[in-house]
**Q** 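Once you've had a glance at the structure underneath, I'll fire off some questions.
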Amino acid sequence: MVTAMLFAGGVGTRMKSSDMPKQFLVVGGKPIIIRTMEHFAKHPEVDDIVIACKEDWIDYLNELIEKFEVKKVRSVIPGGETGFGSIHNGVVETAKVAKNPDDLILICDGVRPMLSEELISNCIRITREHGTAVPVTPSIDSLLYSDDGEICKKSYKRSSMYITQAPQGYTMERILWAHDEAEKRGITNPVSSSELFIELGEEVRLFIGERNNIKVTTPEDLERLRADYFYHEFKKFAEELHIEL
């Protein structure tokens, strides 16, 4: 069994959208979270979808799921006070149905609307082989370290640096162990599931993701998403009219 667990409990302060969380912003007639969900709903290997949502937006999300006829949604539950809290709630909910230790959970933020079927397939395959699977892209920029953002005395070797993406895949046995250990050790707010494993002294399996798989976090990300959507719509229109671009 493969369950996609999406967390969408945040308000998106970096998006600077005061009246609506970023996951509900509309691009090309559909909210971002619906576009993200559809990639999992249409994937032949994904059985169920669980969403941990900002509690006062759950009714609205359920309306959207019905309106856009998104399949495979098993449950929508309240998120937590932090991203990790939302992930934890989603993991606990997923464990109610994914009872086999070898069942898989794909943990993904709700603002990854440019996921590909191939990326999801690779994540599932590698998780089955290794128990964990974290998509990454090699850093193309030089990296400097600074405590205050003003003074730097340390740099990192670019060829060894990778940017994490989602979905991240885990067996239920591994992810439940990690969350249990986090509670025992007082680890309350890791940035991602992969960082939780690393903080616990564990290894995670990396695989090369896709640069187009952006997380819509800032107004610039939103502009890029809209530009990409309208480009593809224009391209389809041109192909129908046999116009060569």
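Model, not experiment: these values are computed from the prediction. Both backbone and side-chain heavy atoms feed into the values below; hydrogens, waters and symmetry mates do not.
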**Q** So, Asn89 versus Ser86: side-chain donor-acceptor pair below 3.5 Å or not?
**A** no

**Q** Among the clusters formed by ILVMFWY side chains lying less than 4.5 Å apart, do Leu225 and Leu25 turn up in the same one?
**A**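 Yes, same cluster.
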
**Q** Taking only residues at least two apart or on different chains, which pairs with a member in residues 62-78 satisfy side-chain hydrogen bond (donor to acceptor under 3.5 Å, both in side chains)?
**A**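 As it turns out, the side-chain hydrogen bond (donor to acceptor under 3.5 Å, both in side chains) pairs with a partner in residues 62-78, which skip direct neighbours, are Asp48-Arg74, Ser75-Glu93.
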
**Q** Quick test of your reading: applying ring pair (Phe, Tyr, Trp, His ring centres under 6.0 Å), list the pairs with at least one residue in residues 193-227, sequence neighbours left out, ordered by first then second residue.
**A**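 Found Tyr170-Phe197.
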
**Q** Is a donor from one side chain sitting under 3.5 angstrom from an acceptor on the other, for Thr171 and Glu173?
**A** no

**Q** Would Met1 and Ile51 show up in the same hydrophobic cluster when neighbours are defined by side-chain heavy atoms closer than 4.5 Å?
**A**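 No, separate clusters.
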
**Q** So which atom in Pro135 and which in Ala166 form the shortest heavy-atom distance, rounded to 0.1 Å?
**A**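 Reported closest heavy-atom pair: CG-N, 3.8 Å.
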
**Q** Do any pairs count as a side-chain hydrogen bond (donor to acceptor under 3.5 Å, both in side chains) and have a residue in residues 197-208, sequence neighbours left out, and if so which ones?
**A** Arg174-Glu202

**Q** Could you check whether any side-chain heavy atom of Phe84 comes within less than 4.5 Å of a side-chain heavy atom of Thr188, counting everything from C-beta outward?
**A**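 Counting from C-beta outward, Phe84 and Thr188 never come under 4.5 Å.
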
**Q** When rounded to the nearest 0.5 angstrom, what is the spacing between CD in Glu210 and CG in Leu119?
**A** 4.5 Å

**Q** Taking atom OG1 of Thr94 and atom CD1 of Ile105, what is their separation to the nearest 0.5 Å?
**A** 4.0 Å

**Q** Can you list everything that forms a side-chain contact (heavy atoms from CB on, under 4.5 Å) with Asn100? Sequence neighbours excluded, please.
**A**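 Asn100 satisfies side-chain contact (heavy atoms from CB on, under 4.5 Å) with Asp102, Asp103 only.
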
**Q** Got Val216 and Lys22 here, is their nearest side-chain heavy-atom distance under 4.5 Å?
**A** no

**Q** Honestly curious: do Leu106 and Ile77 fall in one hydrophobic cluster under the side-chain, below-4.5 Å linking rule?
**A** no

**Q** Less than 4.5 Å apart, side chain to side chain, heavy atoms only: is that true for Ile87 and Ser192?
**A** no

**Q** Please tell me if the side chains of Pro31 and Phe68 come closer than 4.5 Å, counting only heavy atoms from C-beta onward.
**A** yes

**Q** For Thr164, which residues count as a side-chain contact (heavy atoms from CB on, under 4.5 Å) partner, sequence neighbours excluded?
**A** Val134, Val136, Gln168, Ser194

**Q** For Val50 versus Gly90, what's the shortest heavy-atom pair and its separation?
**A**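 Looking at all heavy atoms of both residues, the closest pair is CG1-O, 4.3 Å.
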
**Q** To the nearest 0.5 angstrom, please state how far the OG atom of Ser139 sits from the CD1 atom of Ile163.
**A**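 The distance works out to 5.0 Å.
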
**Q** To the nearest 0.5 Å, how far apart are CD1 in Ile124 and CG in Leu104?
**A** 7.0 Å

**Q** How long is the straight-line distance from OG of Ser142 back to CZ of Arg158, given to the nearest 0.5 Å?
**A**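 The CZ atom of Arg158 sits 5.0 Å away from the OG atom of Ser142.
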
**Q** Any side-chain to backbone donor/acceptor pair from Asp47 onto Thr3? Under 3.5 Å, distance only.
**A** no

**Q** Mind checking ring-ring contact (aromatic ring centres under 6.0 Å, His included) for Tyr162 and listing every partner two or more places apart, or none if nothing turns up?
**A**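 None.
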
**Q** Measure across Cys152 and Lys154 and return the closest heavy-atom pair with its distance rounded to 0.1 Å.
**A** SG-O, 3.1 Å

**Q** Is there a side-chain contact between Asp221 and Lys215 in this structure, where contact means two heavy atoms from C-beta onward sitting under 4.5 Å apart?
**A**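 Sidechains of Lys215 and Asp221: no contact.
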
**Q** So, for Asp147 and Tyr145, which heavy atoms are closest and what is the spacing to 0.1 Å?
**A**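 The pair with the smallest heavy-atom distance is OD1-OH, 2.6 Å.
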
**Q** According to ring-ring contact (aromatic ring centres under 6.0 Å, His included), who are the partners of His39, at least two apart in sequence or on a separate chain?
**A** none

**Q** Applying side-chain contact (heavy atoms from CB on, under 4.5 Å), can you list everything that pairs with Glu117, at least two apart in sequence or on another chain?
**A** His43, Pro44, Ser121

**Q** Is Cys108 close to Leu115 at the side-chain level, that is, under 4.5 Å between some pair of heavy atoms?
**A**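 Yes - at least one pair of side-chain heavy atoms lies under 4.5 Å apart.
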
**Q** Write down the atom of Gly169, the atom of Cys123, and the distance for their closest heavy-atom approach.
**A**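 The pair with the smallest heavy-atom distance is N-SG, 3.5 Å.
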
**Q** Apply salt bridge (charged side-chain N to carboxylate O under 4.0 Å, His left out) to Glu129 and list each qualifying residue two or more places apart in sequence or on a separate chain.
**A** Arg125

**Q** For Asp141, which residues count as a salt bridge (charged side-chain N to carboxylate O under 4.0 Å, His left out) partner, sequence neighbours excluded?
**A**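 Checked Asp141 against salt bridge (charged side-chain N to carboxylate O under 4.0 Å, His left out); zero matches.
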
**Q** By side-chain hydrogen bond (donor to acceptor under 3.5 Å, both in side chains), which residues pair with Glu45, not counting sequence neighbours?
**A** Arg128

**Q** If every non-hydrogen atom of Gly28 is compared with every non-hydrogen atom of Arg35, which pair is closest and at what distance?
**A** O-NH2, 3.1 Å

**Q** My understanding is that only residues two or more places apart in sequence, or in another chain, count here; which of them pass salt bridge (charged side-chain N to carboxylate O under 4.0 Å, His left out) with Asp180?
**A**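 Checked Asp180 against salt bridge (charged side-chain N to carboxylate O under 4.0 Å, His left out); matches are Lys184.
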
**Q** Does Lys30 reach the main-chain N or O of Val27 with its side chain, forming a donor-acceptor pair under 3.5 Å?
**A**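 The answer is no, because no donor-acceptor pair under 3.5 Å joins these two groups.
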
**Q** When Phe24 is tested against each of Ile32, Ile34, Leu64 for side chain to side chain contact (heavy atoms under 4.5 Å, CB included), which residue passes?
**A** Leu64

**Q** Could you see if Ile208 belongs to whatever hydrophobic cluster contains Leu206? Use Ile, Leu, Val, Met, Phe, Trp, Tyr and a side-chain cutoff under 4.5 Å.
**A** yes

**Q** To the nearest 0.5 Å, what is the distance between CE on Met114 and OG1 on Thr36?
**A**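 The CE atom of Met114 sits 11.0 Å away from the OG1 atom of Thr36.
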
**Q** Taking Asp109 for its side chain and Arg112 for its backbone only, find out whether a donor-acceptor pair lies under 3.5 Å.
**A**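 Checking the backbone N and O of Arg112 against the side chain of Asp109, no donor-acceptor pair under 3.5 Å is found.
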
**Q** Measure the shortest side-chain to side-chain distance between Ile65 and Val76 over non-hydrogen atoms and say whether it is less than 4.5 angstrom.
**A**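 In short, these two side chains touch, coming nearer than 4.5 Å.
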
**Q** Is it the case that one hydrophobic cluster holds both Ile49 and Val97, taking links as side-chain heavy atoms less than 4.5 Å apart, direct or via other members?
**A** no

**Q** With side chains defined as the heavy atoms from C-beta onward, is the minimum distance between Leu61 and Gln23 less than 4.5 Å?
**A** no

